[in-house]
2 protein chains.
Amino acid sequence: MSDLESVSVAVSPRDKFREYLSTQNKRLTRERDIVLEQVFSSHEHFDREELVSTLTTSSGDRRVSRATVYRTLQELERSGLLRKVARANGRDVFEHDYGYPQHDHLICGECGSLTEFPATEISKVVSAVSATHGFRQSGHRLEVYGTCDECCRGSRGRHPKLDML
Amino acid sequence: MSDLESVSVAVSPRDKFREYLSTQNKRLTRERDIVLEQVFSSHEHFDREELVSTLTTSSGDRRVSRATVYRTLQELERSGLLRKVARANGRDVFEHDYGYPQHDHLICGECGSLTEFPATEISKVVSAVSATHGFRQSGHRLEVYGTCDECCRGSRGRHPKLDML
DNA sequence: CTTCGTGCAAAACCTTTGCATTAAA
DNA sequence: TTTAATGCAAAGGTTTTGCACGAAG
């Protein structure tokens with residue numbers, strides 16, 4: 001992997017994961033593959049419980065246990081494929097950290113929804129600040145807290161988006 | 001100094017808390033006052049467990065139960081006196097959100113040091129973005145990851161911070 | 001009085017772990 | 001075969017909650 005991997009996506013998530021695993025003397029098992037596929041089947045944010053409830057109820061040989069889902073998510077994070085972007089309703093929220101443009105999030109404290117926005121402006125400021133401090137920046141995470149448009153105009157009562165299953 | 005000055009900080013945390021509580025038809029009890037005092041007795045970051053272990057072992061009439069500490073921290077957060085700034089070791093980290101300038105952090109992945117910088121620039125961008133999305137912003141948290149000046153130029157060996165707190 | 005708050009213990013959650021069994025390489 | 005991974009259930013840790021009692025307005 002001496003190629004420039006900074007421009008666009010030339011390597012699939014699975015290849016990247018496989019490579020990471022090999023450097024760790026770990027294996028790409030059927031279970032890890034299933035988790036990987038499920039996670040990258042959509043670009044939506046998700047939390048562990050959502051994934052677990054999907055995969056522990058899958059039929060036959062697509063079933064993966066809770067423990068393995070948790071353990072695999074750790075590996076996916078370490079491999080650079082996933083990252084935690086927020087915390088909502090007491091759960092970490094994950095998103096793809098590979099092959100998609102940099103962005104940050106507006107986090108609604110009422111319903112827990114996440115809204116993405118491009119990180120371009122923020123990145124400029126961050127770069128300037130980093131330079132000022134001689135800090136070699138590798139990334140950032142910005143969470144904006146408040147109330148989303150919908151909840152602002154909606155009723156005062158709480159409508160937390162809990163499990164959607 | 002005139003007590004009509006509402007610019008700058010002329011109101012103590014306790015006064016602000018009292019005011020908040022009254023708007024909620026809630027009471028400034030002895031227990032809430034003790035938690036408040038303990039929290040504002042220093043500017044250090046802290047987590048719930050630290051506070052709980054201090055206050056549940058206090059002598060006699062300064063003792064506060066775990067449940068009340070948790071409940072009071074929620075009120076302090078809602079009142080705008082406290083905010084969560086990070087998550088470490090599975091616990092939320094709190095800091096004062098009143099009477100001190102807004103700032104964010106550069107986080108060194110080598111030595112673990114935190115460097116604060118003023119949030120003014122970031123806040124402008126955040127406000128603009130929030131407005132665009134009809135998001136009623138109440139605050140933000142920005143963590144910049146990378147390597148600090150010292151570690152960049154320093155020895156190649158690692159100087160990981162000792163586990164604090 | 002009436003309402004709100006506290007403390008306790010239990011419950012609810014989320015995450016990790018020990019261990020016997022299975023399965024990659 | 002050798003070593004890593006899985007699944008299960010139990011354990012760990014954090015946060016919330018039901019309830020009876022006590023305190024504040």
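In what follows, chains are A, B, ... by sequence order, proteins preceding strands, each numbered from 1.
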Quiz item: Would you say the base of D:dT3 and the side-chain of A:Arg27 have a donor-acceptor pair closer than 3.5 Å?
Solution: yes

Self-check item: B:Gln102 atom CD: more than 12 heavy-atom contacts under 6.0 Å
Solution: yes

Quiz item: Any side-chain N or O of A:Gln74 under 4.0 Å from OP1/OP2 of C:dT16?
Solution: yes

Quiz item: Want to settle it: does B:Ser65 or A:Gly90 sit nearer the 5' end of DNA chain C, counting the closest nucleotide to each?
Solution: B:Ser65

Exercise. May I ask you to decide if B:Arg91's main-chain N or O and B:Asn89's side chain share a donor-acceptor pair within less than 3.5 Å?
Key: no

Exercise. Please state whether the base of D:dT16 and the side chain of B:Arg71 form at least one donor-acceptor pair under 3.5 Å?
Key: no

Quiz item: Is A:Arg91 near enough to D:dT14 that one of its side-chain N or O atoms lies under 4.0 angstrom from OP1 or OP2?
Solution: no

Practice problem: Determine: side-chain N/O of A:Arg48 to OP1/OP2 of C:dT15, distance under 4.0 Å, yes or no. | Solution: yes

Self-check item: A:Glu143-A:His105 side chain donor-acceptor pair, cut-off 3.5 Å
Solution: no

Practice problem: Could you check how far CG of A:Asn89 sits from C1' of D:dT15, rounded to whole Å? | Solution: 14 Å

Self-check item: Exam field: side chain B:His96 to backbone B:Val39, donor-acceptor pair closer than 3.5 Å
Solution: yes

Practice problem: Tell me what B:Arg32 touches on the nucleic acid: a base, only sugar-phosphate, or nothing, going by heavy atoms under 4.0 Å. | Solution: sugar-phosphate

Quiz item: How many Å lie between NZ on B:Lys26 and C1' on C:dT3, as a whole number?
Solution: 13 Å

Quiz item: Taking OP1 and OP2 of D:dT15, is either one under 4.0 Å from a side-chain nitrogen or oxygen of B:Tyr70?
Solution: yes

Exercise. Starting at atom CZ of B:Arg62, determine the distance to atom C1' of C:dT6, rounded to an integer number of angstrom.
Key: 17 Å

Practice problem: Report yes if at least one side-chain N or O of A:Thr29 is closer than 4.0 Å to OP1 or OP2 of D:dT6; otherwise report no. | Solution: yes

Quiz item: Cut-off 3.5 Å, side chains only: do A:His43 and A:Glu116 have a donor facing an acceptor?
Solution: no

Exercise. Mind calculating the distance between CG (B:Asp61) and P (C:dG5) to the nearest angstrom?
Key: 20 Å

Quiz item: Between B:Arg63 and C:dC8, does any side-chain N or O lie under 4.0 Å from OP1 or OP2?
Solution: yes

